[in-house]
Amino acid sequence: MPATPTITLKPTGAELPQIGFGTWKHNGDKATEAVYDGLKLGYRLIDGACDYGNEKECGAGLRRAIADGVVTRDEVWVVSKLWNTFHRKEHVREAVLRSLSDWGVSYFDVYYVHFPISLAYVPPETRYPPGWYFDGKKEVKHDPVPLRETWEALEQLVDEGLIRHLGVSNMSSALLMDLLSYARHRPYVLQIEIHPYNTQQRAVQFAHSQGLAVTAYSSFGPLGFRELNSPKALGAQPLFAHPSVTASIALAHARTPAQVVLRWATQRGLAVIPKSDTEQQMRENLASVAFALAEREMAALSGLDVGLRFNDPADDFAGCHIFS
């Protein structure tokens, strides 16, 4: 299996693994085993989040891999994200320390602001992770916290060595432009939904022009959201069944549709964090860099773009107009 390529972060020169291991919807003991198996197979970036509700289990897999000599801590990029209910400056440290404790590590290699929207604080003793609903049922309660307040609190944790690289997720170019105007510690990575149905070409171009790396999530388009019975996802043709992916490209290269879609992203200079449920999928995703798509094949996949976003909180949570 070829070595996983990296993306050089500016200005530190740190090498971000281009193919990471996604942990969204890995639950319980399966999360522990998945992280452990992924590290054994060669993954060196584990992408997590408070909201995924599995950081303790993922951390157990990481600690086991370290104890067994599979990896050392400094070989693995551990990634987490600040949830919406912890945006006030007095709650940022609490959130980071809780996630660090759950992972069993002393610092995060990348720590993102998960969504650029602030919701009312929910104490961990009431519910953790808090989720979108203030009451845990149906009430979405917004809290008007300026992003600058949140960012400056995170910068303090960078100064203290708890975070090595800050990142932003689900953020528009306009909001990123504003953040860059005052950030003392600039974000290194932008993580956004990117797949052939939603190529985000302009967002990628702007981020790259500002020196940010870009990580694509939901690389397989509707697949992960079909599991959640999302109407948008259920109404979209699965990427893996699209003729442009299967007949025209995957068969020609003797590769899986998943490998084709991942290679389309990595050839654009993007990092990816696909979720894998089996060891075979883990191996195939890592091996997706072992071939190259022709320009016409890249263009054919990009030509599927219809601006279809599957992760839009406004579809499900009142007033969460992040992308409106």
Side-chain angles (χ1 to χ4, degrees), residues 1 3-4 16-83 86 94-112 114 124-125 127-131 162-165 167 169 189 191 215-220 223-228 258 262 271-288 311:
M1 186 173 295
T4 302
L16 178 80
Q18 194 172 17
I19 302 178
F21 190 84
T23 63
W24 180 48
K25 296 188 299 177
H26 275 301
N27 299 314
D29 291 343
K30 290 184 177 180
T32 301
E33 294 302 317
V35 168
Y36 181 82
D37 291 344
L39 292 170
K40 279 182 63 177
L41 289 172
Y43 286 90
R44 292 297 180 264
L45 183 148
I46 310 297
D47 183 88
C50 156
D51 188 53
Y52 300 166
N54 60 5
E55 290 192 300
K56 279 188 177 180
E57 293 80 4
C58 291
L62 171 64
R63 292 192 299 275
R64 179 178 154 202
I66 292 173
D68 289 353
V70 175
V71 294
T72 59
R73 170 64 185 93
D74 61 0
E75 291 175 329
V76 182
W77 287 64
V78 181
V79 178
S80 188
K81 304 177 186 75
L82 181 74
W83 187 241
F86 295 104
E94 173 190 18
V96 173
L97 291 178
R98 170 62 185 263
S99 285
L100 286 171
S101 175
D102 285 351
W103 275 98
V105 298
S106 60
Y107 65 90
F108 284 121
D109 296 272
V110 182
Y111 193 79
Y112 291 98
H114 203 152
E125 57 268 25
R127 189 175 60 257
Y128 190 89
L162 300 179
I163 300 169
R164 294 197 169 176
H165 303 87
S169 183
V189 193
Q191 186 177 117
T215 294
Y217 73 76
S218 294
S219 294
F220 302 145
L223 180 63
F225 296 92
R226 291 174 71 90
E227 299 170 3
L228 303 177
L262 292 176
V272 292
I273 46 169
K275 173 178 177 279
S276 307
D277 291 318
T278 67
E279 185 175 313
Q280 180 178 347
Q281 289 175 346
M282 295 179 194
R283 291 182 183 276
E284 288 176 350
N285 291 345
L286 279 177
S288 63
N311 186 20

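No experiment lies behind these values; they were computed from the predicted model shown.
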4.5 Å side-chain heavy-atom contact, D109 and L45: no
Flag side-chain contact, heavy atom, 4.5 Å: H114 against D51: yes
Gap separating the CG atom of L39 from the CE atom of M282, nearest 0.5 angstrom: 9.5 Å
Heavy-atom check, side chain of P124 versus side chain of E94, under 4.5 Å: yes
F21 and H26 aromatic ring geometry - parallel, tilted or perpendicular at 30°/60° bounds: parallel
Polar side chain donor-acceptor pair, Y217 to D47, under 3.5 angstrom: no
Side chain proximity check, I66 to V71, heavy atoms < 4.5 angstrom: yes
Pairwise salt bridge (Lys or Arg N to Asp or Glu O under 4.0 Å) hits with a residue in residues 19-36, at least two apart: K25-E227, E33-R64
N285 side chain vs P274 backbone, donor-acceptor pair below 3.5 Å: no
Listed partners of A95 passing side chain to side chain contact (heavy atoms under 4.5 Å, CB included), at least two apart: L82, F86, Y111
Min side-chain heavy-atom separation L262-I19 under 4.5 Å: no
From E55 atom CD to S80 atom OG, the distance as rounded to the nearest 0.5 Å: 3.5 Å
Distance (rounded to the nearest 0.5 Å) between D37 CG and T32 OG1: 10.5 Å
Trace of the side chain to side chain contact (heavy atoms under 4.5 Å, CB included) decision for Q191 with I273: CA-CA 10 Å; Q191 186 177 117; I273 46 169; 3.7 Å; yes
Exam field: side chain Q281 to backbone D277, donor-acceptor pair closer than 3.5 Å: yes
Contact check, side chains of P129 and W83, non-hydrogen atoms, under 4.5 Å: no
Test side chain to side chain contact (heavy atoms under 4.5 Å, CB included) applied to T23 and N54, step by step: CA-CA 8 Å; T23 63; N54 60 5; 4.0 Å; yes
Gap separating the OG1 atom of T278 from the CD atom of E284, nearest 0.5 angstrom: 7.0 Å
Geometric class of the W77/H165 ring pair [parallel <30°, tilted 30-60°, perpendicular >60°]: parallel
Check: R164 and Y107 side chains under 4.5 Å, non-hydrogen atoms: yes
Closest non-hydrogen atom pair, V35 against G61: CG1-C, 4.0 Å
Close side-chain approach of Y52 to E57, heavy-atom, < 4.5 Å: no
Gap between atom OG of S276 and atom CG of L286 - 0.5 Å precision: 7.5 Å
Minimum-distance pair of heavy atoms, taken over all atoms of W103 and G48: CZ2-CA, 4.2 Å
Side chain R63, main chain V105, donor-acceptor under 3.5 Å: no
Ionic contact status for R283 with E279, cut-off 4.0 Å: yes
